[in-house]
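Comments concern the structure below.
Letters A, B, ... are given to chains in the order of the sequence lines, protein chains preceding strands, and every chain is numbered from 1.
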Amino acid sequence: MIRLGYCCINLSLKDKKVNRGMIKKTFLSKGLNYCSELAEQNLIDTFDIIKWNVDNNIFVYRLSSNIFPWFSEYNLEDLPNFNNIKSTLCQIGKFILENNVRVGFHPGPFNVLASEKYQVVDNTVFEINQHSKILDMMGLPKNPYYGINIHINNSKPNKASALQRFEDNFSKLSNSSQKRLTIENDDKQSLYTPLDLIKLSNRIKEKYGCLLPVVFDNLHYSIHSDLLCPTFIVSECSKTWSDLTPLIHWSSSKKIHEDPSCLQIAHADYVYDKIVLPNGNFDVEIEAKCKDLSLLNYIKNYQNI
DNA sequence: CCAGGTCAAGGGAGT
DNA sequence: ACTCCCTTGACCTGG
């Protein structure tokens with residue numbers, strides 16, 4: 001069975017926003033009080049979006065990493081309205097569990113666990129831990145089903161050394177982060193294919209005894225592949241998920257389908273490529289600029305799913 | 001009120 | 001050297 005979902009923003013609910021933030025100057029002048037206000041609003045709207053999803057038969061949803069503005073700069077417990085926030089998180093988590101919803105995060109490209117710079121690694125560890133704290137406060141089980149997905153995003157001076165740094169720095173993550181982390185294949189020749197990541201996953205399992213599942217992304221694979229058919233590679237990735245339903249990213253290239261002047265890696269507004277996966281259970285996050293609209297549009301075009 | 005310039009962060013690739 | 005692209009366009013100011 002395939003379940004479809006989308007990422008962060010809901011375009012059907014125009015007045016719901018999960019991304020309220022501020023520029024640095026405002027953060028410095030208004031501080032945690034204002035962060036708190038925005039976070040509370042973002043959370044309430046996140047809850048409404050998840051409820052809307054369930055009403056519309058959508059059970060997979062990527063949470064926005066911008067629910068808490070500037071959360072790389074403070075501890076969540078230090079927010080003035082932390083009690084409200086915590087109770088909202090609990091309610092959301094309860095709803096998620098009761099309705100069989102799957103949520104997860106995809107922190108931004110600035111999170112580079114394999115960086116050569118200690119400061120970058122430290123910042124990354126803190127920010128990933130912040131993400132896992134949110135999932136923990138929701139009361140969601142500590143496993144990659146409620147995951148935090150990142151790219152390796154570094155290959156200096158070569159892939160082997162970067163992978164070694166990733167493996168070493170994995171130890172710096174909190175226990176919850178270690179249990180939730182997943183890794184995704186890249187869209188650049190110098191970076192990592194699914195098979196590269198499966199090897200890394202096996203090394204992490206050997207060294208730390210935890211799963212580090214591989215999230216397969218079809219658009220990235222079309223740009224940087226293992227020269228093996230996607231369906232086969234998806235089944236290989238599935239093994240890194242043990243008995244958990246694998247997460248898949250699916251999208252189409254904007255260059256090919258909508259605007260030739262774009263780079264091939266840019267995401268299209270809608271999904272033009274039929275979702276083809278091996279038999280079995282899969283949760284698919286559609287990465288298209290038109291979000292829930294592209295999901296609904298896809299379902300309309302491919303009724304047989 | 002709104003259009004448009006600007007915006008924390010890492011890294012790779014295209015120009 | 002600069003811009004685009006990725007997680008995710010949104011914030012804020014000058015007119």
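Under 4.0 Å is where a charged nitrogen must lie from a carboxylate oxygen, and between Arg3(A) and Asp283(A) at least one such pair does. For Arg180(A) and Asp136(A), the salt-bridge test passes: some basic side-chain N is under 4.0 Å from an acidic carboxylate O.
Residue Asn185(A) holds its CG atom at 8.5 Å from CG of Asp226(A), rounded to the nearest 0.5 Å.
The CG-P distance, from Asn66(A) to dC6(C), rounds to 16 Å in whole Å. At whole-Å resolution of the value, CG in Asp186(A) and C1' in dT7(C) are 13 Å apart. Asp259(A) has its CG atom 13 Å from the P atom of dC4(C), to the nearest Å. Between Tyr61(A) atom OH and dT7(C) atom C1' there is a gap of 13 Å when expressed in whole angstrom units. When rounded to the nearest whole Å, the span between CD1 of Ile286(A) and P of dT8(C) equals 13 Å. Between the CD1 atom of Ile265(A) and the C1' atom of dC4(C) there is a distance of 8 Å, given to the nearest Å. The CD atom of Glu285(A) sits 10 Å away from the P atom of dT7(C) (whole-angstrom rounding). Whole-Å rounding puts the Lys25(A) NZ to dG14(C) C1' distance at 12 Å.
When side chains are defined from C-beta on, Leu79(A) counts as touching Cys35(A), because their heavy atoms get closer than 4.5 Å.
Across all strands shown, dC7(B) pairs with dG9(C); the Watson-Crick or G-U wobble distances both stay below 3.5 Å.
dC6(C) and dA3(B) have their C1' atoms separated by 26 Å, with the value rounded to a whole Å. Taking atom C1' in both dG9(C) and dA13(B), the straight-line distance is 22 Å, to the nearest Å. With P as the reference atom, dA8(B) and dT7(C) are 22 Å apart, rounded to whole Å. Going from the P atom of dC7(B) to that of dT3(C) covers 13 Å, rounded to whole Å.
At least one donor-acceptor pair closer than 3.5 Å links the side chain of Ser222(A) to the backbone N or O of Leu219(A).
Using the six-membered ring where Trp is involved, His220(A) and His267(A) have ring planes that are tilted, between 30° and 60° apart.
Contacts of Gln264(A) with the nucleic acid, taken as non-hydrogen atoms under 4.0 Å apart, are absent. Using a 4.0 Å heavy-atom criterion, one finds that Lys254(A) contacts no nucleic acid atom at all. At the heavy-atom level, Asn153(A) lies under 4.0 Å from base atoms of the strands shown. At the heavy-atom level, His220(A) lies under 4.0 Å from the strands shown only through sugar-phosphate atoms. Residue-level contact check: Ser190(A) touches the backbone only, with heavy atoms under 4.0 Å from sugar-phosphate atoms and none from bases. Using a 4.0 Å heavy-atom distance criterion, Asn19(A) is classed as a sugar-phosphate-only contact. Residue contacts shown for Thr124(A) are absent, as no nucleic acid heavy atom lies under 4.0 Å away.
Hydrophobic clustering keeps Val125(A) apart from Val120(A) (ILVMFWY residues linked when any side-chain heavy atoms are closer than 4.5 Å, directly or through intermediates).
For DNA chain B, the span of nucleotides reached by chain A at under 4.0 Å from its heavy atoms goes, 5' to 3', from dA8(B) to dG14(B).
Checking dC6(C), dA10(C), dG9(C) against the side-chain heavy atoms of Lys17(A) singles out dA10(C) as nearest. When distances run from any side-chain atom of Ile23(A) to the nucleotides dC5(C), dC12(C), dT8(C), the shortest one goes to dC12(C). Closest to the side chain of Lys289(A), from the set dT7(C), dG9(C), dA10(C), is dG9(C). Comparing dA10(C), dC5(C), dT8(C) by their closest approach to the side chain of Leu263(A) singles out dC5(C).
Distances shown here put every side-chain N or O of His106(A) at or beyond 4.0 Å from the OP1 or OP2 atom of dT8(C). Arg62(A) has a side-chain polar atom (N or O) that falls below the 4.0 Å cut-off from OP1 or OP2 of dT8(C). Look at Ser64(A) and you won't find any side-chain N or O under 4.0 angstrom from OP1 or OP2 of dT7(C).
Side-chain atoms of Lys172(A) and Asn169(A) form a donor-acceptor pair, as typed in the model, at a separation below 3.5 Å.
Of the residues listed (Phe126(A), Phe71(A), Tyr146(A)), the one engaging His131(A) in a ring-ring contact (aromatic ring centres under 6.0 Å, His included) is Phe71(A), and it is the only one.
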